[in-house]
Participant: 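Would you mind keeping the following structure in view while I ask a few things?
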Amino acid sequence: MDESGSVDMMTDFLMKDQLELILADKDDRSSQSIYDPSGGGFKSMTPPLCRYDIPISLDENCKRILNEELMDLKEYHSSIPSGRRNFQVSVQQLWNIVPEKDNPILSK
């Protein structure tokens with residue numbers, strides 16, 4: 001929420017009539033070398049292989065609810081003094097609630 005580009009991207013998304021879901025998998029046919037500052041050398045990285053784009057229509061009620069949630073999130077975020085905001089701590093709190101390897105989708 002501290003990066004205006006991220007907030008702009010969410011706001012722009014909610015003005016569209018559909019979501020484009022892009023399923024990606026590892027591309028076994030290509031790789032790139034990137035510099036790893038922690039290890040002081042280069043490492044190989046496999047870029048995603050994007051395929052199977054799926055358009056999902058967003059009805060007005062869904063967009064209204066998502067906009068309300070985004071506004072609530074912005075309001076909550078702005079209520080926290082900037083000196084107390086810590087991305088790493090917040091991610092760790094999220095992982096404590098929903099461990100990184102667990103499926104976050106709750107069953108009915």
Side-chain angles (χ1 to χ4, degrees):
M1 297 304 295
D2 287 325
E3 296 179 17
S4 64
S6 296
V7 176
D8 292 343
M9 189 172 24
M10 288 183 273
T11 303
D12 290 346
F13 153 73
L14 292 172
M15 293 188 338
K16 297 183 180 196
D17 292 328
Q18 72 179 14
L19 164 69
E20 288 194 37
L21 182 62
I22 301 170
L23 303 178
D25 195 1
K26 183 172 70 169
D27 184 352
D28 292 329
R29 291 171 281 156
S30 65
S31 65
Q32 298 174 334
S33 292
I34 58 170
Y35 181 70
D36 180 10
S38 64
F42 287 87
K43 68 178 186 176
S44 180
M45 181 196 93
T46 303
L49 175 64
C50 300
R51 54 184 165 185
Y52 310 119
D53 295 4
I54 302 170
I56 299 173
S57 296
L58 297 173
D59 68 16
E60 290 304 315
N61 191 46
C62 176
K63 290 191 328 187
R64 180 186 56 76
I65 292 169
L66 289 171
N67 270 305
E68 289 171 2
E69 292 293 329
L70 180 58
M71 289 194 327
D72 287 348
L73 184 58
K74 287 179 185 179
E75 185 177 315
Y76 172 74
H77 184 75
S78 65
S79 73
I80 301 170
S82 61
R84 288 192 47 223
R85 297 179 197 156
N86 185 315
F87 178 77
Q88 283 76 23
V89 170
S90 66
V91 169
Q92 188 58 54
Q93 288 174 337
L94 174 63
W95 287 347
N96 289 342
I97 296 167
V98 182
E100 185 179 10
K101 298 201 184 284
D102 283 3
N103 185 344
I105 300 173
L106 301 175
S107 59
K108 293 183 179 184

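What you see is a predicted model; the values in this text were computed from it and never measured.
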Participant: Which distance, rounded to the nearest 0.5 Å, do you find between the CE of Met15 and the CG of Asn67?
Facilitator: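 Rounded to the nearest 0.5 Å, the CE-CG separation comes to 9.5 Å.
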
Participant: Could you pull out all residues at least two apart from Gln88 that satisfy side chain to side chain donor-acceptor pair (under 3.5 Å)?
Facilitator: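 Result, side chain to side chain donor-acceptor pair (under 3.5 Å) vs Gln88: none returned.
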
Participant: Quick check: is Phe87 connected to Val89 through a chain of hydrophobic side chains (ILVMFWY, heavy atoms under 4.5 Å apart)?
Facilitator: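 No, it is not one cluster - the side chains of Val89 and Phe87 are not joined through contacts under 4.5 Å.
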
Participant: Rounded at 0.5 Å granularity, tell me how far CG in Leu58 sits from CD1 in Ile65.
Facilitator: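 The CG atom of Leu58 sits 11.5 Å away from the CD1 atom of Ile65.
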
Participant: Linking I/L/V/M/F/W/Y whenever any side-chain heavy atoms sit under 4.5 Å apart, do Tyr76 and Ile97 land together?
Facilitator: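 No.
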
Participant: Can you pull the salt bridge (charged side-chain N to carboxylate O under 4.0 Å, His left out) pairs that have at least one residue in residues 83-98, sequence neighbours excluded?
Facilitator: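 Only Asp2-Arg85 qualify under salt bridge (charged side-chain N to carboxylate O under 4.0 Å, His left out).
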
Participant: Let me confirm one number: the CZ-CD distance from Phe13 to Gln18, rounded to the nearest 0.5 Å.
Facilitator: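 If I round to the nearest 0.5 Å, the distance is 10.5 Å.
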
Participant: How many angstroms lie between atom CG of Leu66 and atom CG of Leu73, to the nearest 0.5 angstrom?
Facilitator: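 Nearest 0.5 Å value for the CG-CG distance: 12.0 Å.
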
Participant: Do Val7 and His77 have side chains that approach each other closer than 4.5 Å (heavy atoms only, starting at C-beta)?
Facilitator: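 A side-chain contact under 4.5 Å is absent here.
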
Participant: For side chain to side chain contact (heavy atoms under 4.5 Å, CB included), just list the numbers for Leu14 and Met9, CA-CA rounded to whole Å, side-chain angles, deciding distance to a tenth of an Å, and then say yes or no.
Facilitator: CA-CA 9 Å; Leu14 292 172; Met9 189 172 24; over 6 Å; no

Participant: Which salt bridge (charged side-chain N to carboxylate O under 4.0 Å, His left out) pairs, counting each pair once, include a residue from residues 4-13, with sequence neighbours left out?
Facilitator: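 Applying salt bridge (charged side-chain N to carboxylate O under 4.0 Å, His left out) to every pair that reaches into residues 4-13, excluding sequence neighbours, yields nothing.
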
Participant: When you check the gap from the basic side-chain N to the acidic O, do Arg64 and Glu68 get nearer than 4.0 Å?
Facilitator: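 Answer for the salt bridge query: yes.
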
Participant: Going only through I, L, V, M, F, W and Y residues with side-chain contacts under 4.5 Å, is there a path from Leu70 to Ile56?
Facilitator: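 Leu70 clusters together with Ile56.
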
